[in-house]
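Working notes, beginning with the structure itself.
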Amino acid sequence: MTLAPILKKADLAIASGLFELFSDNALPATALAGIYDSLKSGGYLIYTNQPWHPEQEFISKTLNNHRGSSWVMRCRSQAEMDQLVERAGFKKVTMRIDRFGIFTVSLAIKTVPADDE
């Protein structure tokens with residue numbers, strides 16, 4: 001049972017600082033599908049990404065993840081992250097990136113399949 005049928009659908013969802021915690025794409029894809037289901041048609045998703053991080057090796061040697069093992073951050077190219085979002089049913093609207101190319105913030109809109117209109 002999912003919460004989506006019980007709760008009122010949202011206009012906006014934010015996924016920030018989350019997807020780099022997972023090494024493969026299965027959990028981010030599942031999360032994005034859940035976000036899609038929880039949004040109204042035309043709702044927005046704001047998502048962040050870290051295409052690279054200058055202290056990635058330092059972080060993995062000094063910090064632990066939520067499971068107690070070394071935190072190996074999974075940096076994804078922006079194209080890979082955008083593909084995950086698109087496969088979940090969103091269309092990217094715009095993106096901002098810091099001057100070092102480390103952090104991005106993107107806005108996407110929930111698209112509705114033609115047979116659901």
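Heads up: numbering here begins at 1 and tracks the sequence.
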Requested in this report: Start with the C-alpha gap between L27 and F19, add the side-chain angles, then the distance that decides, and say whether side-chain contact (heavy atoms from CB on, under 4.5 Å) holds.
Outcome: CA-CA 8 Å; L27 289 173; F19 299 132; over 6 Å; no
Do [X] and [Y] have side chains that approach each other closer than 4.5 Å (heavy atoms only, starting at C-beta)?
X: M81; Y: L32; answer: yes
X: Q78; Y: M95; answer: yes
X: F103; Y: T48; answer: no

Could you tell me whether a side-chain N or O of [X] sits under 3.5 Å from a main-chain N or O of [Y], the two making a donor and an acceptor?
X: T104; Y: R96; answer: no
X: K110; Y: L39; answer: yes
X: W52; Y: G101; answer: yes
X: R87; Y: D82; answer: no

Using 0.5 Å steps for rounding, measure from the [atom1] atom of [X] to the [atom2] atom of [Y].
X: R76; Y: Q83; atom1: CZ; atom2: CD; result: 12.0 Å
X: Y36; Y: S41; atom1: OH; atom2: OG; result: 7.0 Å
X: N49; Y: I97; atom1: CG; atom2: CD1; result: 8.5 Å

Query raised in the report: In the hydrophobic cluster built from side-chain contacts under 4.5 Å, what are the other members alongside L12?
Result: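 So far as hydrophobic clustering goes, L12 is joined with I14, Y44, I46, V93, V105, L107, I109.
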Report task. Could you list the residues that satisfy side-chain hydrogen bond (donor to acceptor under 3.5 Å, both in side chains) with E80, not counting sequence neighbours? Result ->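 For E80, the residues satisfying side-chain hydrogen bond (donor to acceptor under 3.5 Å, both in side chains) (neighbours in sequence not counted) are N25, R74.
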Query raised in the report: What are the two closest heavy atoms between I102 and H53, and how far apart are they?
Result: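 The pair with the smallest heavy-atom distance is CG2-CD2, 4.1 Å.
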Requested in this report: Identify the heavy atoms of A33 and A88 that sit nearest to each other, and give their distance.
Outcome: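 A33 and A88 have their closest heavy atoms at N-CB, 4.3 Å.
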Query raised in the report: If two hydrophobic side chains count as joined below 4.5 Å and joins carry through other members, does L84 share a cluster with L45?
Result: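 Cluster IDs for L84 and L45 match.
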